[in-house]
There are 2 protein chains.
Amino acid sequence: MTSDTSQLSRRERQIMEIVYQQGRVTAAEVRERMPEAPSYSAVRAMLRILEDKGHLRHEQDGPRYVFLPTVPHEEARESALRRLVRTFFADSPEGAMAALLELEGDRLDEEALARIAARIREAQLEGR
Amino acid sequence: MTSDTSQLSRRERQIMEIVYQQGRVTAAEVRERMPEAPSYSAVRAMLRILEDKGHLRHEQDGPRYVFLPTVPHEEARESALRRLVRTFFADSPEGAMAALLELEGDRLDEEALARIAARIREAQLEGR
DNA sequence: AGCATGATGCTAAATTATTAGCATCAGTCG
DNA sequence: CGACTGATGCTAATAATTTAGCATCATGCT
């Protein structure tokens, strides 16, 4: 297991976000998405550092490398979720749920709401 | 408005998280909660930098300063939520809600689930 | 073939971040 | 009072991060 993401530097964090967002990316793609993007070779240098630190690995994809996170997506997002709930919601999942509804409610159509409601009912029935 | 939190360095980010978690903190309190905490004076120096950059402000509290974020808690968490949904949930709020339920469901008691369900019903009735 | 473009590996310089110490002040205690 | 502790303001040294250039290789095109 790689070290905690709270230890990532500024650029490292920017890159890791892009990698998780995309799933697998080339150096050029990372660069396109970086705020105030440095040179191509600077991006590659950072990617290599992240690989050396164990956060990323690469695969050959034709003439270029494609980079992937070493911590699986699922795991990383759980970790990020927990951290967010702890930092901003006094560790209350209910608060986070409410905020998501409030903030993103208008992006949830009828069907999505129904699906979430069903999940809630399920949780209620399971007494958990 | 201060610059984007994605530009925060390693220690800056650690400190901002602590500040948001606590609401208002002294330098000593920040230091207690930092991973691999540096010296008291190093923490103070970082707090001052964050203040210079506009992320924090301070108030006098007896013989010491207490630090507060300049971006209101509500705003900061919305921003963090959006970023999380975008990075890890392909910008799908439904996905984020499902993951929260999955991950933290066992921390939601009957009453909390009922309250969330009520919020969902409300959203459904409002056709949003 | 030569040239251009896109890629990697590597290096090191430049820049920024992080660190902690010193001087000074304020408050408390014996 | 002096000593001690806890605080601030400030500085600069050190460490870490970030940056980009060079050499080289591979591929495709004329």
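The analysis underlying the following values was restricted to heavy atoms, covering all of them including side chains, and did not include hydrogens, waters or symmetry mates. Chain identifiers are assigned alphabetically (A, B, ...) following the order of the sequence lines, protein sequences preceding nucleic acid strands; residue numbering begins at 1 within each chain.
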Show me the pairs that pass salt bridge (charged side-chain N to carboxylate O under 4.0 Å, His left out) and involve residues 24-49 of chain B, at least two apart or across chains. Arg24(B)-Glu59(B)
Over all heavy atoms of both residues, which pair between Leu108(B) and Leu113(B) is shortest? Give the atoms and the distance, please. O-CD1, 3.9 Å
So which heavy atom on Met16(B) is nearest to which on Leu8(B), and how close? CG-CD1, 3.7 Å
Whole angstroms only, please: what is the OH-P distance between Tyr65(B) and dG6(D)? 19 Å
Rounded distance (Å) that lies between atom P of dT8(D) and atom CZ of Arg31(B): 14 Å
Where along nucleotides 11-30 of chain C does protein come under 4.0 Å, by heavy atom, of base (B) or sugar-phosphate alone (S), with - for untouched nucleotides? ------SBBBB---------
Integer-rounded Å distance: dA26(D) C1' and Asp61(A) CG: 15 Å
Between the side chains of Glu51(B) and His58(B), is a donor N or O closer than 3.5 angstrom to an acceptor N or O? yes
Tell me: CZ of Arg13(A) to C1' of dA16(D), nearest whole Å? 17 Å
Distance check needed: dG6(C) C1' versus Glu29(A) CD, whole Å only. 14 Å
Distance, rounded to the nearest Å, where Leu8(A) contributes CG and dT18(D) contributes C1': 15 Å
Separation of dT8(C) C1' from Glu59(A) CD (nearest whole Å): 17 Å
Side chains of residues 78-91 of chain A: which donor-acceptor partners sit under 3.5 Å, not counting sequence neighbours?
| residue | atom | partner | partner atom | Å |
| --- | --- | --- | --- | --- |
| Arg83(A) | NH1 | Glu17(B) | OE1 | 2.6 |
| Thr87(A) | OG1 | Arg83(A) | O | 2.9 |
| Asp91(A) | OD1 | Arg107(B) | NH2 | 3.3 |

Would Arg121(B) and Gln124(B) count as having a side-chain donor-acceptor pair, cut-off 3.5 Å? no
Nearest-angstrom distance from the residue atom CD1 of Ile15(A) to P of dT19(D): 9 Å
